[in-house]
Amino acid sequence: MAGETTAERNIGNLAAADAPVFETLVQMQLDTFERSGLDTETYLLARIAALVALDAAPSSYLLNVGAAAESGVPLEKVQGTLVAIAPVVGSARVVSAAGKIAEAFGLVNDSA
């Protein structure tokens with residue numbers, strides 16, 4: 001589909017498949033928010049911090065940063081989280097995360 005990012009295609013392909021992988025991913029997410037005991041903002045920022053630590057794929061940022069935005073978490077809080085974890089995970093992981101977040105949301109020009 002024209003204008004669709006690789007991350008969106010990957011998520012779409014996974015979601016369209018009658019695959020145990022997708023079902024497992026969905027099952028892993030059930031009730032984690034409630035069981036965490038955290039407020040929505042803290043929960044989503046913790047997930048974003050974990051993605052940075054893992055050097056996650058753009059599609060993971062698309063889902064989690066998107067959920068944070070939809071929940072009203074200000075971009076400044078996401079940026080603040082990146083600043084807070086930089087000394088622990090390292091600058092390379094934070095720079096990688098920033099690039100992947102930009103890629104996930106179509107903020108980079110692939111022709112450069």
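All values below were derived from every heavy atom in this structure, side-chain atoms included, with hydrogens, water molecules and symmetry-related copies excluded.
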All side chain to side chain donor-acceptor pair (under 3.5 Å) counterparts of D31, not counting sequence neighbours: none
Summary of ring pair (Phe, Tyr, Trp, His ring centres under 6.0 Å) pairs that have at least one residue in residues 71-103, sequence neighbours excluded: none
Extract all donor-acceptor atom pairs below 3.5 Å that involve side chains of residues 61-82 and protein atoms in other chains or at least two apart in sequence.
| unit_1 | atom_1 | unit_2 | atom_2 | d |
| --- | --- | --- | --- | --- |
| Y61 | OH | L51 | O | 3.3 |
| Y61 | OH | V52 | N | 3.3 |
| N64 | OD1 | R47 | NE | 2.8 |
| N64 | OD1 | R47 | NH2 | 3.2 |
| N64 | ND2 | S60 | O | 2.8 |
| S71 | OG | A67 | O | 3.0 |
| K77 | NZ | E41 | OE2 | 2.9 |
| T81 | OG1 | K77 | O | 2.9 |

Any residue meeting side chain to side chain donor-acceptor pair (under 3.5 Å) with S36, in chain and number order, not counting sequence neighbours: none
Ring pair (Phe, Tyr, Trp, His ring centres under 6.0 Å): pairs with one or both residues in residues 28-55, sequence neighbours excluded: F33-Y43
Residue list, side chain to side chain contact (heavy atoms under 4.5 Å, CB included) with L54, at least two apart or on another chain: none
Taking every non-hydrogen atom, the tightest pair across P58 and A104: O-CB, 3.2 Å
Could you give the side-chain donor-acceptor pairs of residues 88-98 under 3.5 Å, partners two or more places apart or in another chain?
| unit_1 | atom_1 | unit_2 | atom_2 | d |
| --- | --- | --- | --- | --- |
| R93 | NH1 | A53 | O | 2.3 |
| S96 | OG | D55 | OD1 | 2.6 |

Partner residues of A102 under the side chain to side chain contact (heavy atoms under 4.5 Å, CB included) criterion, sequence neighbours left out: L107, V108
